[in-house]
Amino acid sequence: MRKLPLSLTINGETHELLAEPHHPLLEVLRTQLGLIGTKENCLEGECGVCTVLLDGMAVNSCLLLAAQCQGRRIVTIEGLGGPETLHPLQETFVEHGAVQCGYCIPGMILAAKAYLDQNPEPTEGEIREALSGNLCRCTGYQKILDAVLAAAGVLAPMR
Amino acid sequence: MAPELRVVGKPLPRVDAYGKVTGKTVYAADFTLPGMLFGKVLRGTEPHARIVRIDARRALTLPGVRAVISAADVADVRYGGALKDETVFAREKVRYVGQPVAAVAAATSEAAEAALAAIDVVYDPLPAVFDVEGALAPGAPLVHEAWETYSAIPILYREGNICNRARILAGDVERGLAEADRVFEHRFTTRMVHQGYTEPRAAVAAWDSAGQVTVWSNTQLPFEVQNTLAEILQLPPSRIRILVPGIGGGFGGKLRVGVEHFAALLARKTGRPVRVITTSEEELTAAYPRQGTIVELKTGVTRDGRLTGKQGRIFFDTGAFAGSGPGVASVATLILAGPYCIPNLHLEGYAVYTNKTNCGSFRAPSGPQANFAVESQMDIIADALGMDPLDLRLRNIVREGDEGPTGQLLTGVGLEECLRRAADAIGWNDRRPGPSRGKGIACGWWTTTGGSSGVYVKINPDGTVALNTGAAEIGTGALTGAAQVLAEQLSVELSDINLVSADTYSTPFDFGAQGSRTAFSVGNACRAAAADLRRQLFALASRQLGVEPDALELRERHVVAGGKRVSLADLSRLSQQSGGGLIAHGTFIAPPTPYDTKRVEAHVYPAFHSPSFHAHAVDLAVDPETGEVTLHRYVVAQDVGFALNPTYVEGQIEGGVAQGVGQALSEEIVYENGRVVNPNLTDYKMPTTLDLPRIESILVQHPSAVGPYGAKGVGEPPNIEPPAAVANAVAAAIGVRITSLPITAEKIVMALRKETP
Ligand code: FES
Ligand code: FES
């Protein structure tokens with residue numbers, strides 16, 4: 001199959017690359033670009049560990065073709081903050097003990113960010129709805145919800 | 001007066017948190033090497049069949065395909081835990097749908113997929129057994145006709161499709177039942193469930209020119225995998241190096257060799273690094289899930305609610321290979337006894353072969369299944385006697401100084417407090433607060449698994465501390481707990497501790513992340529290492545400060561005596577100049593727990609070390625139309641001995657309950673005629689954010705005499721009681737008892753219809 005030349009904007013940087021037309025974004029991120037913060041599991045859109053932001057919306061990168069992302073803004077966990085400049089969600093996830101194995105966490109944080117950007121003052125129930133596509137097997141979600149609520153409290157006044 | 005604690009017991013952030021929230025932590029599934037090939041496994045499509053032919057010629061001609069291997073390419077060895085019955089690939093016959101038949105390595109995973117599809121396998125089907133009843137029926141086909149020739153630990157009782165029958169025999173059960181005013185007989189069933197870790201099992205293997213293989217794997221037990229690979233590859237263990245990067249959850253599903261052997265064999269064949277990672281379908285059809293069970297209980301009780309005797313049998317459908325079955329069947333008998341004083345017991349655990357996937361260990365193996373039966377029956381008995389279920393339990397529970405079912409002396413028993421506090425918190429005096437709404441309670445006990453741990457602890461010239469352990473961090477935070485113990489003991493901060501973990505080449509031995517033991521055992525090994533370092537530090541400081549070692553103490557990263565002080569950093573540098581640096585080897589092995597050997601037969605796990613006790617209480621509503629269950633509140637009171645880090649202890653409780661609620665209400669690997677019909681995460685339903693209430697944790701602390709600062713094992717217990725607590729609450733809500741897991745909406749509706757025609 002002929003590879004497609006693509007120009008992808010990831011975490012503010014433009015990458016020119018060649019990808020198979022059927023390759024999902026996840027594959028390109030992890031295998032070609034080494035952005036392994038985006039995780040893989042079911043590859044069928046059922047678990048959410050591969051969540052990234054596409055023009056600010058949370059999407060499963062295992063289902064999205066890389067070719068569909070041409071000209072759109074992609075943000076992965078690597079684009080959210082480094083050890084020096086953590087995003088408030090990253091801070092609150094650490095403070096509230098929301099992280100156990102951590103494999104679901106990049107996707108969880110990005111899904112939460114997408115939601116908080118839309119709804120800065122959510123209720124716990126709304127956060128539960130927003131994160132219902134992201135499986136976590138370790139935490140029972142409680143401390144994740146606490147962390148997202150706390151981050152909302154930090155972020156709201158900054159808007 | 002004991003010095004005030006600075007680090008242990010504090011809700012500090014875990015040491016690996018920042019790497020995880022920034023996406024920097026490298027997990028086994030993320031690991032790659034230059035020139036790496038992709039391995040995939042061809043899995044059998046028949047539950048039981050003779051393999052007539054495997055033809056890979058076509059597959060080998062496909063672009064990018066580098067190797068195809070099958071049974072003919074590997075040494076003819078059987079491996080396993082208590083019973084060595086497993087082979088890398090099916091030889092001569094397949095015994096379950098999903099059994100590995102061949103493996104391929106190719107340049108891309110698509111090429112490997114294509115190669116799998118191009119391998120022709122011809123099967124000649126054989127009669128199969130799909131459940132315990134079928135496997136135990138007279139004249140049933142044998143899953144392993146040569147079972148007698150397999151090697152096993154000598155104590156197992158084996159016979160045909162039974163790969164172990166463990167027993168507890170105490171008192172005289174006939175007499176116990178005869179003394180009873182009422183005898184209750186019930187049967188319960190549970191289904192196969194998966195650990196559901198979010199990171200698939202993954203391994204990357206590479207051989208070097210000296211003939212040593214290095215495997216990066218997400219195993220919970222690097223040293224066990226090293227030994228298993230040594231058997232499979234026919235090499236001394238020192239030629240096999242297992243390294244564990246980050247692990248995306250294990251829950252017992254990543255104990256045994258999973259894909260490491262395929263990666264190692266394919267890498268040897270191709271001369272290139274090879275990575276193998278499982279798909280969700282492989283996970284749900286061919287991993288190491290929790291066994292489905294049948295439980296039969298016959299329990300005698302006096303009119304005033306005293307348990308006089310119990311006869312019980314639990315049958316584990318362990319699948320086509322023993323896996324953890326023989327041990328799990330043993331542990332189960334201690335759960336069948338329950339945390340109760342019952343003078344007369346006859347309890348049996350059977351592990352039974354069937355033509356299904358090989359079951360293994362899942363967080364508190366046997367706990368939820370056996371506890372579901374025991375605690376459901378306790379409520380049935382209470383109702384029949386017109387007693388409050390809490391009172392019936394309080395009348396029979398074990399207390400300080402009582403004997404366990406096999407005669408062990410019980411100490412640090414916080415069960416009564418757990419029951420009372422859980423009941424208070426849920427508002428037990430109002431058990432049926434509204435129509436179709438009810439509360440349930442269940443209690444239990446569990447072990448803190450033994451096994452040894454070693455650590456090397458080094459004090460760096462900047463005063464920080466390196467903790468080198470063979471244990472792997474599977475997500476629980478256990479190594480943060482151990483690091484807190486070390487920081488406390490050395491008078492440093494948690495942030496001063498650097499962790500090096502799980503490399504069989506260089507880290508000291510550890511029995512592994514299993515059985516709620518890691519923080520307990522590694523923490524104790526840290527205590528031992530700290531004691532040694534303290535001696536070394538004091539010897540150096542005594543010369544430096546001109547003070548007798550007895551007069552010295554550790555405080556805030558310094559050795560101090562009166563007004564004199566010298567920092568750990570200075571002492572480390574001094575030692576580097578004069579004595580090779582400050583390092584200590586700390587070790588720990590839990591002391592044996594004495595029990596009455598005459599009470600057990602074929603028993604792999606006769607007593608619970610530093611047992612923990614717990615009670616769960618739930619308040620839920622059932623929709624009588626749809627059968628849907630909504631959990632309103634969930635309370636756990638767990639005797640943790642001492643909470644080394646309350647945040648992550650709560651985290652274990654919350655996560656354990658979530659998994660348990662899944663098993664209670666929705667999770668089931670559904671087999672039809674030997675085939676899994678729901679091998680995907682849409683049809684295998686794990687709880688999401690919408691399925692769980694807040695979980696209220698009450699940390700009860702009756703210290704263990706052995707654990708660090710009195711801690712007991714924490715990780716597994718919260719997974720035990722949810723099915724029973726939920727079943728009891730459902731019964732309280734709608735007056736109907738569901739005796740099979742999962743308690744689906746469909747079962748509830750059917751049961752309600754039968755009740756009210
Ligand atoms: S890997 Fe994309 S949703 Fe599971
Ligand atoms: S922290 Fe392990 S899956 Fe969420």
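Chain identifiers are assigned alphabetically (A, B, ...) following the order of the sequence lines, protein sequences preceding nucleic acid strands; residue numbering begins at 1 within each chain.
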I'd like to know which of [options] tops the heavy-atom pair count under 4.5 Å against chain A.
options	value
B/Gly246, B/Gly19, B/Ser280	B/Ser280
B/Pro687, B/Gly477, B/Gly249	B/Pro687
B/Pro200, B/Pro11, B/Ala29	B/Pro200
B/Gly248, B/Pro13, B/Ala658	B/Gly248

Using non-hydrogen atoms only, which part of [X] is less than 4.5 Å away from chain B: side chain, backbone, both, or neither?
X	answer
A/Lys143	both
A/Ile109	side chain
A/Val99	both
A/Glu40	both
A/Glu129	both

Working to the nearest 0.5 Å, report the span between [atom1] of [X] and [atom2] of [Y].
X	Y	atom1	atom2	value
A/His22	B/Glu110	NE2	CD	3.5 Å
A/Glu124	B/Thr689	CD	OG1	10.0 Å
A/Leu43	B/Asn680	CG	CG	13.0 Å
A/Glu27	B/Thr108	CD	OG1	8.5 Å
A/Asp146	B/Glu654	CG	CD	7.5 Å

Chain A heavy atoms under 4.5 Å from [X]: which part of the residue, side chain, backbone, both or neither?
X	result
B/Leu692	both
B/Arg14	side chain
B/Tyr197	backbone
B/Thr279	neither
B/Ile695	both
B/Ile277	side chain

Between A/Val94, A/Ile144, A/Ile105, which residue shows the highest count of heavy-atom pairs closer than 4.5 Å to chain B? A/Val94
Greater than 12 external heavy atoms within 6.0 Å of A/Glu121's CD: no
More than 12 heavy atoms from other groups under 6.0 Å of CD on B/Glu281: no
Is any side-chain heavy atom of A/Glu44 less than 4.5 Å from a side-chain heavy atom of B/Leu681? no
Could you tell me whether the side chain of A/Lys39 reaches within less than 4.5 Å of the side chain of B/Thr198, counting heavy atoms only? no
Spell out the residues in residues 30-38 of chain B that have some non-hydrogen atom less than 4.5 Å away from a non-hydrogen atom of chain A, in order of number; otherwise answer 'none'. B/Asp30
Donor-acceptor pair, B/Lys20 side chain versus A/Cys101 backbone, under 3.5 Å? yes
Taking A/Tyr103's backbone N and O only, do any of them form a donor-acceptor pair with B/Glu199's side chain (distance below 3.5 Å, no angle check)? no
Quick check: under 4.5 Å, non-hydrogen atoms only, which of residues 134-142 of chain A neighbour chain B? A/Leu135, A/Arg137, A/Cys138, A/Thr139, A/Gly140, A/Tyr141, A/Gln142
